[in-house]
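Letters A, B, ... are given to chains in the order of the sequence lines, protein chains preceding strands, and every chain is numbered from 1.
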2 protein chains.
Amino acid sequence: MTDDRVFKALADPTRRFLLDLLFTRDGRTLTELESELEMSRFGVMKHLRVLEDANLVVTRRSGREKLHFLNPIPIREIHDRWIDKYTEHHTTALLELKAELEDES
Amino acid sequence: MTDDRVFKALADPTRRFLLDLLFTRDGRTLTELESELEMSRFGVMKHLRVLEDANLVVTRRSGREKLHFLNPIPIREIHDRWIDKYTEHHTTALLELKAELEDES
DNA sequence: ACGATAGGTGACCAAAAGGTCACATGTCAA
DNA sequence: TTGACATGTGACCTTTTGGTCACCTATCGT
């Protein structure tokens, strides 16, 4: 599966936090992102590499700095894959599920 | 984070396949799901447990059988959390990202 | 009652993932 | 041109995860 890297990348809370950081303001460098985390530079670098391989983050070199930008497209694709399918299914399983959930609460 | 289990549950391809199976037709038993996978019953059971802990699957006992139902609500919540944020951000970062991506292709 | 069937638990092992460090390259600025 | 800075790589360790198995409980049909 090609989206396997996207799901694996989203599975780690540190990486989701990095995406949140880049959401508020992207174009940040590794050192700037590192300063927001209680982790060594190498740990942050590994996480950014995973995000980049999943295409959730795109980068651009600027001199000795590497700028990181958020790429929401893979998340959109997840949305299109799962949610649309589920909403199409709305009439069959979801109604049964509602009953299930209401029993629990 | 409360959604950590959801992301971790979605990270495994076998579990995503189980969700796909339950999407096409839910209310299936463990043994029925096991027959669709090249894996022991115990492996499938562990995966279903992870999905159930993440609330992506809800279950109901019926005699000696346990029926499994798909619950799309956590995926909707992911959608609401990420995609809406990104679309709000559409005017700032996304336009820069488009330029980035077009450079690469 | 009893064999077959459906599901559950705990120990256990191998593989993958998270994290750090020593070291190394390239770039800026005085 | 030299020292400080920004990033990169590979080895290495620890923890988590994926998977199997021996064994167990509960339920169905006859």
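- Between B:L67 atom CG and D:dT27 atom C1' there is a gap of 14 Å when expressed in whole angstrom units.
- Considering A:L10, A:N71, A:L22 in turn, A:L10 is the only one that fulfils the side chain to side chain contact (heavy atoms under 4.5 Å, CB included) rule with A:L56.
- Atom-to-atom, CG of B:D4 to P of C:dA17 comes out at 16 Å; the value is rounded to the nearest Å.
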Exercise for the section: Using the salt bridge (Lys or Arg N to Asp or Glu O under 4.0 Å) rule, take B:E32 and B:R25 through it: C-alpha gap first, then chi angles, then the decisive distance, then the call. Expected result: CA-CA 11 Å; B:E32 185 178 357; B:R25 176 172 50 85; 2.7 Å; yes
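- Note on A:D4 versus B:R16: salt bridge recorded, some NZ/NE/NH1/NH2 to OD/OE distance being below 4.0 Å.
- Distances from the side chain of A:E65 to the nucleotides D:dT7, C:dA22, C:dG18 place D:dT7 closest.
- Checking each of B:D26, B:T24, B:T31 against B:R28 for a side-chain hydrogen bond (donor to acceptor under 3.5 Å, both in side chains) leaves exactly one that passes, namely B:T24.
- Looking at the side chain of A:H47, the nearest of the listed nucleotides C:dG7, C:dG19, D:dT7 is C:dG19.
- A close approach under 4.0 Å does not occur between any side-chain nitrogen or oxygen of A:R41 and OP1 or OP2 of C:dT20.
- Judged as a salt bridge (charged side-chain N to carboxylate O under 4.0 Å, His left out), the pairs with a partner in residues 47-56 of chain A (not counting sequence neighbours) are, in order, A:R49-A:D53, A:E52-A:K66.
- One atom, CZ of A:R61, and another, P of D:dT7, lie 7 Å apart when rounded to the nearest Å.
- Nearest to the side-chain atoms of A:T31 among the listed nucleotides D:dC23, D:dT7, C:dG7 stands D:dT7.
- If you measure from atom CZ of A:R64 to atom P of C:dA29, you get 6 Å, rounded to the nearest angstrom.
- Considering CD of B:E34 and CZ of B:R41, their distance stands at 7.0 Å, rounded to 0.5 Å.
- Among the heavy atoms of the strands lying under 4.0 Å from B:M39 are primed sugar atoms or P, OP1, OP2 only; no base atom is included.
- As rounded to whole Å, 14 Å separates atom C1' of C:dA11 from atom CE of B:M45.
- Regarding B:D53, its CG atom lies at a distance of 15 Å from the C1' atom of D:dG18, rounded to whole Å.
- Residue contacts shown for B:G63 are limited to sugar-phosphate atoms, with no base heavy atom under 4.0 Å away.
- Note that the NE2 atom of A:H47 and the OG1 atom of A:T14 stand 4.5 Å from one another [nearest 0.5 Å].
- Between A:R60 and A:F69, the shortest heavy-atom contact is NH2-CZ, 3.4 Å.
- Residue contacts shown for B:K8 are limited to sugar-phosphate atoms, with no base heavy atom under 4.0 Å away.
- One finds a side-chain N or O of B:S40 lying less than 4.0 angstrom from the OP1 or OP2 phosphate oxygen of D:dT20.
- Remark: B:K46 is not in phosphate contact with C:dT9, judged by side-chain N or O atoms under 4.0 Å from OP1 or OP2.
- Comparing A:E38 and B:T29 along DNA chain C, the residue whose closest nucleotide (by nearest heavy atom) sits nearer the 5' end is B:T29.
- Rounded to an integer number of Å, the gap from CG of A:L30 to C1' of C:dT27 is 15 Å.
- Axis angle, first five pairs versus last five pairs of the helix from C:dA1-D:dT30 to C:dA30-D:dT1: 30°, rounded to 10°.
- Distance, B:L51 CG to D:dG18 P: 10 Å, rounded to whole Å.
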